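Only a predicted model underlies this, so the values are computations on that prediction, with no experimental measurement involved. Side chains are part of it too, since the values below use all heavy atoms of this structure and drop only hydrogens, waters and symmetry mates. Note that ligands are numbered from 1 as they come in the structure, with each ligand's atoms numbered from 1 the same way.
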Amino acid sequence: MSFACRHKLDYNNRLIFFYYSGMPLSIVILAAGQGKRMKSARPKVLHTLAGRPLLAHVIDSARALEPAQLLVVVGHGADAVRAAMTDNGLEFVAQREQLGTGHALQQCVAALEPGNDVLVLFGDVPLIRADTLAPMLGTLADAAVCLLTFAPDDPTGYGRVLRAGEQVSAIVEHKDASVEQRAVGECFSGIMLIRGDRLASLLGQLGNDNAQGEYYLTDVVGHAVAAGDAVAAVVVADPAEVAGVNDQAQLAAVEARYRARRAAALMAQGVKLCDPARIDIRGELAAGRDVEIDVNCVFEGKVALGDNVRIGANCVIRNASIAAGSEIKPMTSIDEAVIGRDVTVGPFARIRPGTELGDRVRIGNFVETKQSRLGEDSKVNHLSYIGDTEMGSGVNIGAGTITCNYDGVNKSKTVIEDGVFVGSDTQLVAPVRVARDATIGAGSTITKNVPAGKLSVSRAKQVTIDNWSKPARKR
Ligand code: UD1
Ligand code: CA
């Protein structure tokens, strides 16, 4: 047999390398089960972890191993699963009746490249990492089958790994196990590697004479041992990594585990988290030095935080970059925005898509911005809506100012040039331009362009009616 050596860098930039049988690798992800215990109309593998389907997480880990083929077995809710997984290079195999994990793999035989080694992953075991799987590939130098095993706190429900001395001899499902077998602590994770030259023969021997009347993938082990094949086992150090999701409680436990993993990685980079149990990273978060994040923040999509950025409690930040020295105060929502250096936003601000804030901009409470660019040193401190606006630098927007950008049909633009001062409670009816250094008196409704450097006001003059009395109550 020829051995090959492959190596690559993992997420933490450590070099991982492994030997394998010399045949290309095919990966099969089993995802046809209904997941009855989720008590949901949605197929189990489409339930989300960190905002993405469980199956997407498994696919990510599978791809990191650079397999020659990546197959997903679909059955229950097959159309929904196919529609949700649109990335390139996935092959779907239908399992019309769910007759067991072994039956699921049997459905793949025609689609698999003959001779390829086959790694089986479960769509409901989403925390598995590529660098835990990689050492399994090395075992095929000596073994025909390799299992990923673990020792959960509570083994109830899992298949038990039986050994004769050191050697793995069989897996027995919980429902088929004797009292003595149930006392075994080593369990099957569901992840199994089968050497390509043994696949067809081993799958061909599966029967369904067992407690559940199913074709168990796990029976491959007994058949391999009976044929004189060696079966290897790799034990996962952290049992949480192979925890399965069968009900909502397990899904929440997996979410907590994922959260902790992401938080630990951030802290390892030097980010200060006020409470690592209260941060959710549902995408990519890049952070500079001395970043501080208070409790209950959610990061989605791609977020980049510069040096010394501080994020207050209860912020939701999605697809945004926030440059060095900026502070996002509590209860702020930021979505698809670019924020400059030394900016302050919030508390209670809503920064919507297409917002660009220049350096040292100040956005205060109850301010909403959308599709707007605010130049350096401009301030919108209280209760405003700024939409479809081009704002220069050094502008001051008074409390309660609104850009009226929508006439019910079309959106129009507001331009506010450098150095403008807008008095409180002003409405800027777009399209409109306020020229450089203009001042607008409070309470104005501006419908015409405002000239530079002058004071413009549009409001009725204040009068006092002397000859007036309060209305009297009618009888
Ligand atoms: C399985 C293992 C058990 C192991 C446990 C780990 C078998 C027989 N048992 O049990 O030893 O300890 O996982 O979590 O393999 N699926 C299909 N088609 C089917 C049946 C299942 O695609 O016909 C898929 C499911 O969608 C799921 C995975 O296979 O992603 C596992 O199925 P599940 O029924 O949850 O197996 P367990 O009873 O948990
Ligand atoms: Ca399961």
State the atoms of ligand 1, each with its element, that fall below the 4.0 Å cut-off from a heavy-atom position in [X].
X: G123; value: 30 (O)
X: S189; value: 6 (C), 14 (O)
X: A31; value: 22 (O), 26 (O)
X: Q98; value: 19 (C), 23 (O)
X: N246; value: 35 (O)
X: G159; value: 3 (C), 4 (C), 11 (O), 12 (O)

Please say whether [X] places an N or O atom under 3.5 Å from an N or O atom belonging to ligand 1.
X: I171; value: no
X: V73; value: no
X: G190; value: no
X: Q95; value: yes
X: E173; value: yes
X: G33; value: yes
X: A104; value: no
X: A32; value: yes
X: T101; value: yes

Original post:
Is it the side chain (CB and beyond), the backbone, both or neither of L99 that lies under 4.0 Å from ligand 1, heavy atoms counted?
Top reply: backbone
Subject >> Structural part of C187 in contact with ligand 1, heavy atom criterion under 4.0 angstrom >> reply: neither
Within the distance-only criterion (no hydrogens, no angle test), does the side chain of [X] pair as donor or acceptor with the backbone N or O of [Y] below 3.5 angstrom?
X: Y406; Y: G408; value: yes
X: R182; Y: H174; value: yes
X: R160; Y: Y158; value: yes
X: T344; Y: I363; value: no

Original post:
Is there a donor in the side chain of T355 and an acceptor in the side chain of S372, or the other way round, less than 3.5 Å apart?
Top reply: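 T355 vs S372: no donor-acceptor pair found between side chains.
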Original post:
Taking NZ, NE, NH1 and NH2 as the nitrogens, is one of them in R289 or D307 under 4.0 Å from a carboxylate oxygen of the other?
Top reply: no
Subject >> Cationic N near anionic O, under 4.0 Å, K44 to D124 >> reply: yes
Original post:
When the aromatic ring centroids of F188 and F150 are compared, is their separation below 6.0 Å?
Top reply: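 Between F150 and F188, which both carry aromatic rings, the centre distance is not below 6.0 Å.
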Original post:
Please, which pairs that meet ring-ring contact (aromatic ring centres under 6.0 Å, His included) have at least one residue in residues 21-73, sequence neighbours excluded?
Top reply: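 Only H57-Y258 qualify under ring-ring contact (aromatic ring centres under 6.0 Å, His included).
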Original post:
Can you check whether V72 reaches E91 side chain to side chain, under 4.5 Å on heavy atoms?
Top reply: no
**OP:** Scan for salt bridge (charged side-chain N to carboxylate O under 4.0 Å, His left out) pairs involving residues 21-31, sequence neighbours excluded, and state none if there are none.
**Re:**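 Found none.
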